[in-house]
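Here's the structure we're looking at; comments come further down.
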Amino acid sequence: MTIKSLGNPYSEKTDLRHGADCGCDNCLAGHGHDTDHAEPATMSSEAMLERAVESAVVRSVFGQNDVSRRSFMGMMGGGTFAAALASVFPMDKAKAAILDELGAPEKTDLNIGFVPITCATPIIMAQPMGFYERYGLNAQVIKTAGWAVARDKSLSGEYDASHMLTPMPLAMTLGAGSVAEPYIMPAVENINGQAIVLSNEHLDKRDPAQWKGFTFGVPFEYSMHNFLLRYYVAEFGLDPDVDIQIRVVPPPEMVANLRAGNLDGYLSPDPFNQRAVWEGIGFIHTLTKDIWEGHPCCAFAAPLSFAEQLPNTYGALLKSIVDATQYASDPENRKEISAAIAPTNYLNQPVPVIEQVLTGTFADGLGEVQKVPDRIDFDPFPWHSMGVWILTQMKRWGYIEGDVDYKAVAEQVYLAGDCKKVMEGLGYEAPDVTYKSHTIMGKTFDPAEPEAYVQSFPIGKA
């Protein structure tokens, strides 16, 4: 296995991102990195972890900006910088602490499922950009047709872990829509990043009150897309179970169904919102960030048994995902990432379509070019309050019944403590609390009063 991402962090010749201008031997000639360090391909698992710690510390000093790091190393010299860093930071103790806490992965060859959407950006990019390798894993990301398939292959053990929608591990743990199996979600993949798209045939129907009788697509029942669409139309007086029809449509089939007239619109993950505009058949009615700013969408999830039986592998995988998610959160990296995830085995989309989504500069299908830098963003922290909100909507619309211990379920599934520990270990900031209030279409959600919130809506099944 070629470990391209574990290069010498003190060398100005090594691009730790491994972009087009990387000067390391591995990228230029297919061999090891700098000759003054052990070749990653021959490193032991412990040596890989030590190098990963060293790289994470150095990268954090430069705010994850590899251009600045290389420039500084070229001016000052890597050896001089290493000595200066060692005088203020106990690198050896940090390495020892990590190794004491997290040994070598018990299993290095992993299968990770993903549905080809931009919400899965960190999970996808972690393979071509070397984030899995950085933590000693040989992970293969496997394109999956839709969420039911992702769920079933995860439940059967075919996938070690999977890209999932944030409501899915909650539903799977409760046995809603599937057999009950304890699942964990230690990291969110993206926040925002969705949109409501309407067919160009409905350019004159911008008011949701006019949508009675429309058919909308969502990617899965247990999805933020479904719950946000239901919330949105209900705020305009429509009962989503009576006044409109909601169909589950796999994301890659959204555009074709819109073109064929099978759907009047959809609330979908990207790039399929932007693809409808690209193909001239639809327009963006609203971004979901304008419904709920900062809402979660997709996540990294796994069976609880995976973490219990393979704790070191689980820890290394979580580090890979969190590190990749933080890298994706930097707008300066978005064009590079767009090119990395565009190929056929990943999103299979034109690079300009992905760039419009990730950079937030996009055509809206109404003749305007919008600039919304946080159209999609990436934040791994799994707020317990977000889990509670999702459970309230599952209760509101009849997906779960009876008494629900919202707080206990959210804390069992959303492993905020694991995420915080990894974030801080990698040099990133993490919240000190796991609950906060959220505002959705002007209405404040208090996670301390979930049942009262459910009962506060005039439209719903609860």
Side-chain angles (χ1 to χ4, degrees), residues 17-20 63-67 114-131 141 143 163 165-166 187-197 219 224-225 251-252 254-255 267-279 282-284 286-290 292-300 320-365 368-380 428:
R17 303 167 306 169
H18 294 276
Q64 308 301 317
N65 188 322
D66 208 56
V67 174
F114 77 92
V115 175
I117 59 178
T118 49
C119 302
T121 290
I123 284 175
I124 299 171
M125 62 175 264
Q127 183 174 32
M129 299 180 71
F131 285 88
V141 293
K143 186 184 289 190
H163 160 217
L165 300 159
T166 45
V188 170
E189 288 299 284
N190 73 295
I191 56 175
N192 300 332
Q194 328 301 312
I196 296 177
V197 165
M224 285 298 294
H225 313 81
M254 291 285 190
V255 175
L267 200 160
S268 169
D270 271 305
F272 302 105
N273 304 309
Q274 202 59 47
R275 189 64 188 259
V277 175
W278 175 268
E279 297 194 12
F283 64 94
I284 294 176
T286 189
L287 299 176
T288 52
K289 73 177 292 292
D290 295 326
W292 175 2
E293 174 64 54
H295 72 81
C297 183
C298 287
F300 157 61
S320 304
I321 297 297
V322 169
D323 211 2
T325 304
Q326 293 287 18
Y327 188 82
S329 71
D330 186 343
E332 292 186 4
N333 299 329
R334 301 283 176 84
K335 287 193 174 183
E336 174 196 9
I337 293 169
S338 298
I341 65 177
T344 304
N345 55 326
Y346 300 131
L347 294 190
N348 191 28
Q349 295 288 330
V351 173
V353 171
I354 301 173
E355 283 188 356
Q356 288 186 69
V357 175
L358 294 189
T359 65
T361 299
F362 61 94
D364 62 8
E368 300 293 333
V369 174
Q370 304 288 341
K371 292 188 177 182
V372 187
D374 59 350
R375 170 179 176 167
I376 187 171
D377 212 344
F378 301 93
D379 182 350
Y428 304 117

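In this structure, the side chains of Phe362 and Val357 stay at 4.5 Å or more apart for every pair of heavy atoms. Pro380 is not listed as a side-chain neighbour of Val188, based on a closest heavy-atom distance of 4.5 Å or more. Residues Val115 and His163 form a side-chain contact, since some pair of their non-hydrogen atoms from C-beta on lies under 4.5 Å apart. Using a 4.5 Å heavy-atom threshold, the side chains of Ile123 and Val141 count as touching. Put simply, the side chain of Asn192 reaches to within 4.5 Å of the side chain of His295, judged on heavy atoms. Taking the side chain as every heavy atom from C-beta outward, Gln194 and Met224 never approach each other to under 4.5 Å. The closest side-chain heavy-atom distance from Pro219 to Pro269 is below 4.5 Å.
Applying the side chain to side chain contact (heavy atoms under 4.5 Å, CB included) criterion to Ala363, with sequence neighbours excluded, gives Gln274, Val277, Gln356. Remark: Ala276 engages Val197, Leu258, Tyr266, Ile281 in a side chain to side chain contact (heavy atoms under 4.5 Å, CB included) (not counting sequence neighbours). The side-chain hydrogen bond (donor to acceptor under 3.5 Å, both in side chains) search around Glu189 returns none, not counting sequence neighbours. Considering only residues two or more places apart in sequence or on other chains, Asp364 meets the salt bridge (Lys or Arg N to Asp or Glu O under 4.0 Å) condition with none of them. Applying the ring pair (Phe, Tyr, Trp, His ring centres under 6.0 Å) criterion to Trp278, with sequence neighbours excluded, gives no partner residue. Asp270 pairs by the side-chain hydrogen bond (donor to acceptor under 3.5 Å, both in side chains) definition with Asn273, Arg375, not counting sequence neighbours. With sequence neighbours excluded, no residue forms a salt bridge (Lys or Arg N to Asp or Glu O under 4.0 Å) with Asp290. Looking at residues two or more places apart in sequence or on another chain, you find a side-chain hydrogen bond (donor to acceptor under 3.5 Å, both in side chains) between Asp323 and Arg59, Arg134, Tyr135, Tyr428. A search for side chain to side chain contact (heavy atoms under 4.5 Å, CB included) contacts involving Ala324 returns Pro122, Met125, Ala126, Phe131, not counting sequence neighbours. Not counting sequence neighbours, Asp379 has no partner by the side-chain hydrogen bond (donor to acceptor under 3.5 Å, both in side chains) test.
Of the inter-residue distances, the one linking Glu355 atom CD with Ile337 atom CD1 reads 11.5 Å to the nearest 0.5 angstrom. The OG atom of Ser338 sits 10.5 Å away from atom CG of Asn333, with the distance rounded to the nearest 0.5 Å. To the nearest 0.5 angstrom, Lys335 atom NZ is 11.5 Å from Leu358 atom CG. Taking CD1 of Ile191 as the start and SG of Cys297 as the end, the distance is 11.0 Å to the nearest 0.5 Å. For the atom pair Ile124 CD1 and Lys143 NZ, the distance stands at 8.5 Å (nearest 0.5 Å). Distance check, rounded to the nearest 0.5 Å: CZ of Phe300 to OG1 of Thr166 gives 15.0 Å.
The side-chain hydrogen bond (donor to acceptor under 3.5 Å, both in side chains) contacts involving residues 117-129 comprise Gln127-Gln140, Gln127-Tyr346, where partners must be two or more places apart or lie in separate chains.
Taking each heavy atom of Asn190 and Cys119 in turn, the nearest pair found is OD1-CB, 3.2 Å. Between Ala340 and Pro128, the closest heavy-atom pair is O-CG, 4.0 Å. What you find for Pro251 and Ile117 is that their closest heavy atoms are CB-CG2, 3.8 Å. For Ala195 against Leu287, the heavy-atom pair with the smallest separation is CB-CD2, 4.0 Å. The minimum heavy-atom distance between Pro116 and Leu347, with the atom names listed, is C-CD2, 3.3 Å.
Between the side chain of Arg334 and the main chain of Thr359, no donor-acceptor pair closer than 3.5 Å is present.
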